[in-house]
Peer 1: 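Here's a structure for you.
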Amino acid sequence: MSSTAQILPCVLSMSFVLGLLSSTVAAPPSVNYLNPAGGQVGQKVEVAVDKTLGTLPVSVWTSAPGLTIEIPEKPEKGKEKQFSIQIDAAAKPGLYWLRFHNAEGASEIRPFVVGTLPEQTEAEPNDDLTSAQKILQPGVTINGVLTKEVDTYQVSLKKGETLVASMIANEQLGSPMDSVLQILNHRGTVLSQIDDTLWYDPRIVFTAPDEGTYYIRTFAFPADANSSIAYSGSGAYIYRLTLTTGPFVDHSFPLAFHSASAKPVALEGWNLPDSLKSLQPTVDGANSTALLSHPQLSNWITVPLSPAPVVLESTETQQEKGQALTLPASVTGKIAAAEEIDVYHFTAKKGEKLTFRVDSHQLGYPLDAHLKLFDATGKLLKEMDDPVRNYFDARLNYAIPADGEYRLQVTDRFQHGGFRYVYQLTIVPTEEDFALQASEEQYTLTAGDKPLEFEVTIDRQSPRFSDEIEVSLVGLPEGVTCAPVISKMKEKTEKTVKLKLEAKADVLFQGPLVIQGVSLKDKTKSHTATAVIKGISPKRNTPRPKADLELPYLWLTIKKK
């Protein structure tokens, strides 16, 4: 069936001339952003896309179950860009990814956030105190767009009541904005101001000094700085602003979770009752992270999985000798006060190659980790701050020079400390490894036509991974072929390989594309390729020079001529 025949049922209501031209206007979906960009568990949300849903009918792929999406095949006039999302009552709170696709191709992948609080939509005008939007509920998430330069909200607080105002924009939604939050009193005096809390997204925790009306004001600058030094607004400045006096979690203790652990983790945040000061994490289906969520919590967090049980720092870290660790080690600590230094000690043998890691900044916390390694005599052997520019989590690979006891110090590079200066310290044997990056997040191949060729980059990580790596496509449909390619050291394929994809003339396909790399020496070393997601711009802490968001959710379209 030709592409023209496929779309004719969807255009019969249009003029005869447009019907004749339908083959020329058939187009794949192309989505810049969703508005609203999220919804509450158990609720139905009406969502609009910026740009186009493409030629109907359109289907939607989601990164996890829990969302039922309906796109009308005959939308009402003026609602051609709208669809609905029913969020299941049992859906897990968190970040979902959506990709729209039809017979012509697929859209870029885009985020949608499922939360626990009731939702409201920003109501314009709300650009000053006199027109501030009133928020009556004790806990709500507002879906807004900074199309103008300022949005303002109004709440009533009792004396001593703690309000958490937390913005989601750049970090999860990819909005190209570096936003600011302010708390003002009824006179318009700024009582508190925060810009970067979770990378470019701000969060204010404010305890009311008196009963009365307070205002939450937000504005933004471009995430990619320019010379204007001015407030900025755009239809792409999508945000979700949570305002709550209810329970809100900042971090868990420990910061990582071992899947075999039966123990709940402690929660630290604000307005937490005793019943919500610990939770049992839920490991995701990919066995890569664990979710910490509860219907009574105003938010949710995810924590990474640890390959080994995680211990907590003890008061011994403040003693000269420090806390004893048995290698391999995984420990959660906190630089709770300015100028604090946490000390650990361990024994190791000559020739052992160890990797020391401190994760904090990439997890969304402010610690700029600084490591110092000493031998038993107190001699400084090595210190590490930032392994590469703009990467604030410490990494150190070190070969132990002699049998004996060693001491490790962890502190903040600028001697800062506080409630959120938490970190995850890992000491493990050094392992060579690699990663794959695809050149695009989605590919389109015409069946029976010339092959589709594309490159895959191999990042042979330090210390240099020297194994031969077989790169192939996994799970291709019948009639589609792609010969595996071997990446070899000191050859043209060392850093990049080129895959050639072909499809027989009768093949039609829409679905995920998995590019897999496997070491031919050690088959346990296996990774799937990620790709930079275009059109959204979260600025994340990454060891690579670029800070673009990368995901493993690649896509393949095979269509007829």
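Being a predicted model, the structure only gives us computed values, none of them experimental.
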Peer 1: Between T207 and T162, is there a side-chain donor-acceptor contact under 3.5 Å, judged purely by atom types and distance?
Peer 2: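 Yes - a donor-acceptor pair under 3.5 Å links their side chains.
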Peer 1: Looking only at atom types and distance, does a side-chain atom of Q40 sit under 3.5 Å from a main-chain N or O of T116, one as donor and one as acceptor?
Peer 2: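 Yes.
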Peer 1: Which class fits the ring pair Y153 and Y239: parallel under 30°, tilted 30 to 60°, perpendicular over 60°?
Peer 2: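 Aromatic pair Y153/Y239 classed perpendicular.
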Peer 1: Would you call the rings of F221 and Y231 parallel, tilted or perpendicular if under 30° counts as parallel and over 60° as perpendicular?
Peer 2: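 F221 and Y231: perpendicular rings.
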Peer 1: Would you call R217 and D151 a salt bridge, using N to O less than 4.0 angstrom?
Peer 2: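 Salt bridge: no.
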Peer 1: Check K79 with E46, please: is the shortest side-chain N to carboxylate O separation under 4.0 Å?
Peer 2: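 Salt bridge: no.
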Peer 1: Would you call the rings of W555 and H101 parallel, tilted or perpendicular if under 30° counts as parallel and over 60° as perpendicular?
Peer 2: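 Because their plane-to-plane angle lies in the 30° to 60° range, the rings of W555 and H101 count as tilted.
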Peer 1: Using a 6.0 Å cut-off, check whether atom CD of E453 has over 12 heavy atoms from anything other than its own residue.
Peer 2: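 Counting neighbours around CD of E453, more than 12 heavy atoms of other residues, nucleotides or ligands fall under 6.0 Å, so yes.
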Peer 1: Looking at Y215 versus H186, is the centre-to-centre ring distance below 6.0 Å?
Peer 2: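 Y215 vs H186: aromatic centres not under 6.0 Å.
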Peer 1: H361 and Y391: side chain to side chain contact (heavy atoms under 4.5 Å, CB included), yes or no, with the steps?
Peer 2: CA-CA 8 Å; H361 199 271; Y391 186 77; over 6 Å; no
Peer 1: Side chains of Y237 and S232 only: does a donor on one sit below 3.5 Å from an acceptor on the other?
Peer 2: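 Checked: Y237/S232 side chains pair up, N/O donor to acceptor below 3.5 Å.
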Peer 1: Between T242 and T141, is there a side-chain donor-acceptor contact under 3.5 Å, judged purely by atom types and distance?
Peer 2: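 Result is yes, a qualifying pair exists.
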Peer 1: Report yes or no: do N143 and E119 form a side-chain donor-acceptor pair below 3.5 Å?
Peer 2: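 Present: a donor and an acceptor within the cut-off.
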Peer 1: Considering only heavy atoms from C-beta outward, does the side chain of T62 approach that of W97 to under 4.5 Å?
Peer 2: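 No; the side chains remain at least 4.5 Å from each other.
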